[in-house]
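These notes are about the structure you will find just below.
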Number of protein chains: 2
Amino acid sequence: MDEHGTCGHHGHAHGRDGHGPARTADLVARAERLAQDLGLQFTALRRRTLEVVAEEGRPLGAYDIAERLSAPGKRVAAVSVYRALDFLTEHGLVHRIASRNAFVPCEHGHGAGESAVFLICRSCGSVDETISAEIERSLDRTLAQAGFKPASRIVEIEGECGACQGRGECGRLEPR
Amino acid sequence: MDEHGTCGHHGHAHGRDGHGPARTADLVARAERLAQDLGLQFTALRRRTLEVVAEEGRPLGAYDIAERLSAPGKRVAAVSVYRALDFLTEHGLVHRIASRNAFVPCEHGHGAGESAVFLICRSCGSVDETISAEIERSLDRTLAQAGFKPASRIVEIEGECGACQGRGECGRLEPR
DNA sequence: CGCGGATCGTTACACTGTAACAGGCAGGGT
DNA sequence: ACCCTGCCTGTTACAGTGTAACGATCCGCG
């Protein structure tokens, strides 16, 4: 299908220079430390799932991941991927993009309390993860005022990323 | 305000504690004015769909709506409901809760630019919609700083609503 | 060795959403 | 009156997303 839009010149915040191997290695290292510390199992399937998600520059569906993990003789079922993704999201290594039913690598080593803001570009399909203390604060204030005790937060903004603005339509994925 | 407060019983469809007939009538009236003004058709299916969503005190899936709209001799297919929901969401009469694949009535007559914050209670399943200028502002600031041009915003907070806190577990819906 | 716990493979199934085509109904122009 | 057009709805079929349940395997532990 669509080879993720060659957004050409990456002016925006895709990480230092594309989500590639560098970030992947970082994430895997983080996962290994985490598993070590907490006595969890960072199995081959979980590692490979994390790698696949980390090396893609856009959100991947569970079935896409399953496909990428499958080899001619060795099919990986989606349900296995879901289980691996459960593990990875529980420990903050990947995030689920609710508005897309898809998953992206975590680009921050954020602390448990912090919550991310996802900027999803409609043109090139990239997702950027940012953290803003200011947004946290105003959210906290609003929640406290409403007497609501938050457990998890989802903030997803769809629009056009900096790189795609004013350049016709960049990589052009069909909007979903 | 609206105490979904009598969660004491079984966390389902309380009639009038904020989500009941009163809101329904308001919403329908708003829809009729809107259709009048813009030359749109507020058909029976669309009205009934809106009513069903408005009278439920929690997010409803499209198939649930279809079921409620169906009568022994007259089945309403989910696809028709989806089309009605498209209309209703496009014009701000209902909102989609992305994290639940479900729909709630719009509790504000918000202006087009404003975006809502949804507070979703894990215990009783109720959804409260609030608007905070402060959150808007901090979001806008963060987006501007990232050079990102927003088109739509999703802010959904899961947690425990005020009414459910400290009362054991309120109405207790099985978590989804 | 036997037991318990966690992981993973496999199947089956439920839920969510869309594409495509056909019929009905209203309004507009001739 | 007619046809034409656009919109809405019904229907079928299907794609995509997610979970339940059962069994097999592996591993650490008493």
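Sequence lines set the chain letters: A, B, ... in the order given, protein chains first and strands last, and positions in each chain run from 1. Predicted, not measured: the structure shown is a model, and the values here were computed from it.
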d(CG, A/L85; P, D/dG16) in whole Å: 18 Å

Integer-rounded Å distance: D/dT9 P and B/I65 CD1: 14 Å

Length of the line joining A/R100:CZ and D/dG18:P, which is rounded to integer Å: 14 Å

Interatomic distance, B/Y82 OH vs D/dA13 P [rounded to whole Å]: 19 Å

Those residues that, when tested against B/R47, pass side-chain contact (heavy atoms from CB on, under 4.5 Å) (two or more places apart): B/V28, B/F42, B/A44, B/E51

Under 4.0 Å protein heavy-atom contacts per nucleotide of nucleotides 3-10 of chain C, with B for base, S for backbone only and - for none: ---SSBBB

Whole angstrom value for the distance that separates P of D/dT17 from CZ of A/R96: 10 Å

ILVMFWY cluster membership beyond B/V117 - transitive side-chain contacts under 4.5 angstrom: A/V117, A/L119, A/I135, A/L139, A/L143, A/F148, A/V155, A/I157, B/L119, B/I135, B/L139, B/L143, B/F148, B/V155, B/I157

All salt bridge (Lys or Arg N to Asp or Glu O under 4.0 Å) counterparts of A/R141, not counting sequence neighbours: B/E134

Spacing of A/N101 atom CG relative to C/dT18 atom P, expressed in whole Å: 10 Å

Exercise: do A/E129 and A/H95 side chains pair donor with acceptor under 3.5 Å: yes

List, one per line, each side-chain donor-acceptor pair under 3.5 Å for residues 70-89 of chain B, sequence neighbours excluded.
residue	atom	partner	partner atom	Å
B/S70	OG	B/A66	O	2.8
B/S70	OG	B/V76	N	2.9
B/T89	OG1	B/L85	O	2.8
B/T89	OG1	B/D86	O	3.0

Connected hydrophobic set around A/I154, excluding itself, where side chains approach under 4.5 Å: none

Value in whole Å for how far the P atom of D/dT17 lies from CG of A/L60: 11 Å

Protein-nucleotide distance (B/E67, atom CD; C/dC15, atom C1'), rounded to Å: 13 Å

